[in-house]
Amino acid sequence: MSITLTFDSLKKTVAAVVAGCALLGSLAACGGNSANADKLQKADGSTLTDVTVGVCPGPYGDMVTEVLAPLLKDDGYNLTTKEFTDYVQPNKALDSGSIDANLFQHGNYLKKFTADNNLDLTSLGQTPTLGLGIYSNKYTSVDQIPDGATVSISNDASNLARSLDVLRQVGLIELNGDADATKATVDDIASNPKNLDIKTVDAAQLARSLDTVDFSLVPGNYSWDAGLDPNSALALEDQTDGVMEVFVVRTSDADTDFAKTVKDLLVSQRFKDAIANSRFSSFGKPAAWGEDDSSSSASASDSASDSSSASATSSSASESSSEDKESSSSTE
């Protein structure tokens, strides 16, 4: 009997210890979230608050370093970047608290990824964005693309749909009438008159795939990282609100001083002026900037209607760049 009682007591003790550890872990997690929010509140102004921003290879990490960081330093924040090599980890790292914000994705991608992965993240606003483009090492206009040509597009759902819509914009395919352009898959292709052989690959490999395919649709961040000139693109997408890059934080941090400061900065004149004097001046501009601030990129529909020669495409892109007209922008 005494042995049985001792064993029962031991089981109860172990259960209590396990429950206590679980409670402590929960409290620690809550404390971590609270600490992150506290860090992003404005300090007394005597020291800079360190903020880590997740980015992917491409222009947006450069934009953080060259434009956003200097401006936010004046507001008391020291921005540094942490680079990720895929589109999955930056949002998961932000959700876990290992970074404080990210800038690498467009609004459509954020919406889908957070829904699919049950993440609570919030966009603070849009930044100028380099659109997805059609690039080729073999051809200089959409009209030159032959029957049976191979094309590589991104395999992630958001950019795959986006790429199919660009192919539709330039008249290379037609989508089913009831297809949602932001969610389309290859199964939604209603007509493929040139019998394109569509290959889906990881977005980071699209620029490299130009050596093995006839043409590729490359998101702006990866085309920038690969040194592809948007003026040499066969076409650039018609940029809509959903494909603008967004600056993202955890929803629990959306009311912190840091978040409010960034939100105000993204539509401020000083940010517009800094972009105008930067390497990113030709990127598509957020709609919130107003009709007088516009993108310099040639759209896919412009290229489709005037793609009879490389010079026509190139001249249209550079002409649009010098006029600095408005667009809505892109990228993941």
Side-chain angles (χ1 to χ4, degrees), residues 25 28-29 32-33 35-37 39-40 50-66 68-69 72 77-127 129-130 132 152-163 182-183 200-209 216-226 242-254 256 258-259 262 329-332:
N33 289 337
N36 284 328
K39 185 182 82 166
L40 298 181
D50 291 329
V51 177
T52 303
V53 182
V55 299
C56 285
Y60 305 106
D62 295 338
M63 188 181 292
V64 171
T65 301
E66 298 172 22
L68 289 169
L72 287 167
Y77 297 98
N78 179 44
L79 266 61
T80 58
T81 61
K82 180 174 181 179
E83 187 171 286
F84 298 86
T85 57
D86 62 45
Y87 286 156
V88 175
Q89 296 308 313
N91 280 333
K92 292 192 172 181
L94 178 57
D95 182 67
S96 71
S98 61
I99 59 175
D100 304 303
N102 67 43
L103 177 59
F104 78 97
Q105 65 196 315
H106 56 62
N108 286 343
Y109 182 82
L110 173 67
K111 182 177 180 180
K112 178 169 177 53
F113 191 91
T114 52
D116 290 348
N117 294 275
N118 195 30
L119 304 182
D120 197 8
L121 307 178
T122 294
S123 164
L124 298 180
Q126 300 171 338
T127 70
T129 306
L130 177 60
L132 180 149
S152 58
I153 63 177
S154 182
N155 61 8
D156 70 87
S158 180
N159 278 318
L160 187 151
R162 179 182 173 195
S163 298
T182 66
K183 299 177 181 178
T200 58
V201 303
D202 185 87
Q205 304 303 317
L206 288 169
R208 291 192 189 126
S209 74
S216 180
L217 280 76
V218 188
N221 54 343
Y222 287 115
S223 65
W224 176 279
D225 188 55
V243 295
M244 291 294 294
E245 291 291 312
V246 288
F247 194 101
V248 179
V249 297
R250 289 177 293 277
T251 302
S252 59
D253 293 335
T256 61
F258 172 73
V262 170
S329 231
S330 96
T331 255
E332 182 191 321

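The model shown is predicted, which means the values in this text are computed figures rather than measured ones.
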Using 0.5 Å steps for rounding, measure from the CG atom of Leu110 to the OG atom of Ser158.
10.0 Å
Do Met63 and Glu245 touch side chain to side chain, with heavy atoms closer than 4.5 Å?
no
Spacing of Leu121 atom CG and Gln105 atom CD [to the nearest 0.5 Å]
7.5 Å
Pairwise distance CD1(Ile153) to CG(Leu217) - rounded to 0.5 angstrom:
7.0 Å
Looking only at heavy atoms, which two atoms of Phe247 and Ala101 are closest? And how far apart?
CE2-CB, 3.6 Å
Where do Arg250 and Ile99 come nearest, in terms of heavy atoms and distance?
NH1-O, 2.9 Å
Value for OG1 (Thr81) from CG (Leu103), rounded to nearest 0.5 Å, stands at 10.5 Å
Checking side chain to side chain contact (heavy atoms under 4.5 Å, CB included) for the pair Asn117/Asn91: CA distance, chi angles, key distance, verdict?
CA-CA 10 Å; Asn117 294 275; Asn91 280 333; over 6 Å; no
Side-chain touch Ser154/Leu206, heavy atoms, less than 4.5 angstrom:
yes
Thr65 (side chain) donor-acceptor with Asp62 (main chain) under 3.5 angstrom
no
Do the side chains of Asp95 and Lys92 get nearer than 4.5 Å, heavy atoms only?
no
Where is the tightest heavy-atom contact between Asn221 and Pro59, given as atom of each residue plus distance?
CA-CD, 3.3 Å
Are the side chains of Ser152 and Gln205 in touch, meaning some heavy atoms are under 4.5 Å apart?
no
Identify the heavy atoms of Asp253 and Ala259 that sit nearest to each other, and give their distance.
O-CB, 3.3 Å
Using side-chain heavy atoms (C-beta onward) and a distance below 4.5 Å, is Leu68 in contact with Tyr77?
no
I need the Glu83 CD to Asp225 CG distance, nearest 0.5 Å.
7.0 Å
Is the backbone N or O of Asp120 less than 3.5 Å from a side-chain atom of Thr251, with the two atoms forming a donor-acceptor pair by type?
yes
Close side-chain approach of Leu119 to Phe113, heavy-atom, < 4.5 Å
yes
Taking atom CG of Asn118 as the centre, report whether more than 12 heavy atoms of other residues, nucleotides or ligands fall under 6.0 Å from it.
no
Do the ring centers of Tyr109 and Tyr87 come within less than 6.0 Å of each other?
yes
On a heavy-atom basis, which atom in Leu79 and which in Phe258 lie closest, and how many Å separate them?
CD1-CE1, 4.1 Å
Flag side-chain contact, heavy atom, 4.5 Å: Asp50 against Thr80
no
In the structure I gave you, are the side-chain heavy atoms of Phe104 and Val248 within less than 4.5 Å of one another anywhere?
no
Please give me the minimum heavy-atom distance between Leu72 and Val262, naming the atom from each residue.
CD1-CG2, 4.0 Å
Kindly compute the distance separating CG (Asn102) from CD (Gln89), expressed to the nearest 0.5 Å.
12.0 Å
